[in-house]
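Both ligands and their constituent atoms are indexed starting at 1 by order of listing.
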Amino acid sequence: MSKVPEMFGINVFNDKKMQERLPKSTYRALKKTIQDGEPLDLSVANVVATAMKDWAIEMGCTHYTHWFQPMTGVTAEKHDSFIQPNGDGVIMEFSGKELIKGEPDASSFPSGGIRATFEARGYTTWDPTSPAFVRDGSLYIPTAFCSYTGEVLDKKTPLLRSMEKISSEAVKILHLLGKTEVTRVITTVGPEQEYFLIDRDLYEQREDLKLTGRTLFGAKAPKGQELDDHYFGAIKTRVSAYMKDLDEELWKLGILAKTKHNEVAPSQHELAPIFTTSNIANDHNELTMEIMKKTAEKHGMVCLLHEKPFAGVNGSGKHNNWSLSTNTGENLLSPGKHPENNLVFQIFLAAVVKAVDEYQDLLRATVASAGNDHRLGAHEAPPAIISMYLGDDLGEMVDSIINGEEYVSHGKERMQTGVDVLADFKKDTSDRNRTSPFAFTGNKFEFRALGSALNIGCPNYMLNTMVAEELSQFYVELKDEKDNIEKAVRSLVKNVLSEHKRIIFNGDNYTDEWVQEAKRRGLLNLKSMPEAFSHFLDRKNVELFVKNKIVTQAEYRARYEIELETYCKQINIEALTMIDMARKKITPAVTAFVRQMTDAALAKKALSADIPTSVEENLVKSLSNKLVCFVNKTTELEEAVMGASEHNCDELEYAGYFREVVFAKMQELRAVGDSMETETASDFWPYPSYYDLLFGV
Ligand code: ADP
Ligand code: MG
């Protein structure tokens with residue numbers, strides 16, 4: 001374990017292994033495909049396939065799988081062994097064709113009505129830009145997934161397309177600005193992942209956690225996060241052993257796991273990797289989430305990735321750190337010492353500002369889900385209002401550009417600790433603003449509204465596409481101004497920032513004043529998933545993706561249907577689980593406890609009329625009243641669920657019904673249930689308490 005560099009990437013068919021194992025010409029051809037996006041020859045694929053297979057067999061593999069990211073939001077895999085009959089026995093074979101193309105049955109994956117079940121054929125195609133790896137005896141090949149007729153059925157293909165699109169638009173702009181040496185621009189992402197760890201035995205006793213990923217009942221524990229003692233607190237031995245194991249597993253897979261710490265809520269933690277190219281970051285984040293869960297099993301725990309496993313304490317999010325860099329190694333969102341003279345930075349900043357303002361509805365929609373509805377706007381996560389934080393320095397620069405005033409950079413101030421043994425250091429130019437959904441953090445933007453369980457493909461392809469679109473509009477405006485480019489860029493930046501400055505907000509996003517102010521500015525406040533999706537099909541949004549050839553209109557609409565359907569299904573499952581828990585466990589348990597209290601009171605009375613029985617009687621009365629209410633609310637919830645089908649003619653209305661009616665009834669039922677929990681002896685309560693769950697590891 002002392003040798004992390006040797007362990008790193010040991011399970012990955014990475015560049016080093018390709019160089020060692022491939023003939024020079026094959027390696028060069030493959031590199032060309034990876035770096036410049038050139039099509040790959042079957043003859044090259046054949047050689048690569050054999051080398052991959054030989055390596056995988058040495059690593060103990062018997063199978064391979066195309067690994068893809070269908071619209072379910074979780075990854076999919078189907079394993080085939082390498083065996084080929086040979087005389088009486090078998091040999092291990094793997095061809096270029098098998099590497100390049102797989103044929104999973106597409107009919108059982110969500111397609112939003114663009115595929116009928118009889119047209120079941122689907123294809124997975126190798127994404128050579130994301131390296132293959134081995135896990136549990138199989139060779140995993142990252143792939144994109146489409147239907148027989150070519151419809152995109154996954155989250156990966158649009159991401160790859162958006163990366164190409166933003167690259168070509170950014171390169172055009174850079175060439176105009178004289179950076180002709182740049183041939184590619186790469187989007188980079190570093191996703192910070194939050195999660196909860198709880199004891200496996202306790203988890204097994206809670207059907208709500210098992211079926212829905214979150215607790216549907218549960219009275220608050222006497223202690224939550226009010227003492228702020230968990231965030232960055234000392235890590236418990238059991239959790240620490242888990243984190244060590246997790247890091248090692250991730251490193252072996254070439255994942256740049258970097259930071260780990262306790263988060264705000266008890267039992268909540270975070271892992272952040274070092275950033276990398278978007279599609280690899282996407283694959284790595286999916287892998288990280290899977291390995292988090294698997295590793296937890298080994299340690300007798302369960303890793304919860306749901307956005308809100310526990311009411312009353314913080315939920316989990318994912319910060320999507322995003323930037324752009326050139327193939328020559330320049331970060332395009334790095335302001336440098338003099339941002340006021342850095343036209344490259346200014347123009348890319350302007351593109352992001354314009355994109356976030358014009359497509360705030362899409363950014364909101366891309367993070368919308370049943371789980372994230374519990375977080376956004378709940379004073380633990382950014383509000384549902386999308387705005388941008390630039391920090392004081394950059395904010396001042398933007399103001400000076402808009403007002404046509406000269407800007408003097410403050411530069412980096414020295415931080416004086418006032419203690420001789422502590423070294424003084426340079427302060428960052430921007431503070432952190434934890435309340436902003438979209439914050440500039442030095443040389444990248446941090447999109448903070450993502451839920452912890454979300455596949456990052458969608459927010460990233462949307463972000464890439466909207467910024468690409470703005471860049472393409474800038475190019476049209478600038479392309480004939482080559483001789484006067486500086487003046488033209490300055491004027492464009494000034495116009496764009498003036499027009500879109502309403503999206504910039506450097507204050508506290510958690511206040512009511514901001515909600516009012518945002519309304520005055522005309523910013524959207526889309527509070528729930530169905531509200532967020534009410535703008536998804538707006539013409540400008542459809543056109544954005546169709547024009548930039550990221551997805552077709554039909555594919556885009558399919559995504560809309562799938563997301564709304566998933567939302568309804570999730571709430572439906574939650575409601576049914578609650579009804580089941582209420583009827584089969586909670587009601588009988590409270591009845592039994594009431595019976596015991598009644599028996600106790602009667603027994604006391606039989607013994608002597610002098611013994612007080614008010615405690616038992618009050619409890620019996622209180623719980624009996626609540627139980628009547630609880631049973632009524634259970635029936636009401638059931639009726640609400642049954643009534644849903646009447647609203648199923650329109651996806652948006654259907655989702656709205658689940659939010660406004662079904663979810664509201666769930667909240668009512670939960671309130672009564674939680675209140676009964678506080679009065680029922682724990683021996684009788686059928687589920688482990690919040691105290692057990694949150695402090696049980
Ligand atoms: P914090 O958000 O706590 O301030 P850091 O600033 O260290 O933490 O960065 C958080 C994440 O941002 C890390 O995953 C880091 O790799 C990533 N990051 C840093 N630079 C970039 C970049 N240029 N592009 C994308 N992500 C980046
Ligand atoms: Mg962060």
Side-chain angles (χ1 to χ4, degrees), residues 8 159 162-163 166-167 170 182 184-195 231-232 243 246-247 250-251 254-264 268-289 292 314 316-336 339 342 344-345 348-349 351-352 380-382 388-391 393-394 412 415 425-450 452 454 456-457 459-464 467 509:
F8 189 82
L159 178 63
S162 75
M163 289 167 68
I166 197 170
S167 173
V182 176
R184 260 187 100 131
V185 166
I186 299 121
T187 52
T188 49
V189 172
E192 301 166 56
Q193 179 72 47
E194 292 180 343
Y195 61 98
Y231 188 60
F232 284 13
M243 287 177 164
L246 175 63
D247 276 338
L250 296 176
W251 288 334
I255 297 173
L256 295 156
K258 172 82 175 166
T259 309
K260 51 187 178 187
H261 61 79
N262 284 351
E263 259 299 330
V264 172
Q268 192 186 26
H269 315 282
E270 180 182 299
L271 180 141
I274 295 173
F275 70 94
T276 180
T277 315
S278 297
N279 68 318
I280 296 178
N282 186 185
D283 287 357
H284 281 181
N285 183 245
E286 288 299 304
L287 264 177
T288 300
M289 290 194 284
M292 279 180 161
N314 270 20
S316 299
K318 180 142 58 191
H319 290 175
N320 192 82
N321 294 273
W322 175 90
S323 193
L324 294 159
S325 59
T326 64
N327 61 322
T328 51
E330 185 183 352
N331 182 341
L332 297 171
L333 291 176
S334 179
N342 185 343
V344 169
F345 171 69
F348 283 93
L349 175 71
V352 180
E380 59 171 80
M388 289 172 88
Y389 168 83
L390 295 183
D393 255 20
L394 218 50
K412 287 195 171 181
M415 182 84 179
F425 54 88
K426 280 187 182 168
K427 279 208 300 194
D428 290 307
T429 53
S430 72
D431 197 359
R432 292 160 192 251
N433 181 331
R434 291 284 172 204
T435 68
S436 175
F438 205 95
F440 183 73
T441 46
N443 58 3
K444 62 186 188 288
F445 278 99
E446 188 169 344
F447 186 20
R448 300 218 184 91
L450 282 71
S452 48
L454 191 71
I456 63 171
N460 282 293
Y461 84 70
M462 292 203 168
L463 190 53
N464 292 347
V467 175
N509 283 250

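Per-residue contacts place E446 under 4.0 angstrom from the following atoms of ligand 1 (heavy atoms of the residue considered): 2 (O). Counting the atoms of ligand 1 from 1 in the order shown, those under 4.0 Å from a heavy atom of G190 are 14 (O), 25 (C), 26 (N). Within the listing of ligand 1, atoms 23 (N) sit less than 4.0 angstrom from a heavy atom of N331. For ligand 1, the atoms closer than 4.0 angstrom to any heavy atom of I274 are 16 (O).
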message = Determine whether E446 and N320 satisfy the following criterion, side chain to side chain contact (heavy atoms under 4.5 Å, CB included), listing intermediate values before the conclusion.
response = CA-CA 5 Å; E446 188 169 344; N320 192 82; over 6 Å; no
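If you take NE2 on H319 and CZ on R434, they are separated by 6.5 Å, rounding to the nearest 0.5 Å.
Residues F275 and P191 fail the side-chain proximity criterion, which asks for heavy atoms closer than 4.5 Å. Side-chain contact between N509 and P382 is absent, with no heavy atoms from C-beta onward closer than 4.5 Å.
Looking at S334, S323, A439 and measuring to atom 22 (C) of ligand 1, the nearest heavy atom belongs to S323.
For the pair P273 and ligand 1, the shortest N or O to N or O distance falls below 3.5 Å. Distances between N or O atoms of W322 and those of ligand 1 include no value under 3.5 Å.
Less than 6.0 angstrom separates the ring centroid of F438 from the ring centroid of F445.
Proximity of K258 to ligand 1, defined as any heavy-atom pair under 4.0 Å, is not found for any part of the residue.
Residue R434 places a heavy atom under 4.0 Å from ligand 1.
Residues satisfying the ring pair (Phe, Tyr, Trp, His ring centres under 6.0 Å) criterion with H284, sequence neighbours excluded, are absent altogether.
S162 and N464 are linked by a side-chain donor-acceptor pair at a separation below 3.5 angstrom, with hydrogens and angles left out of the test.
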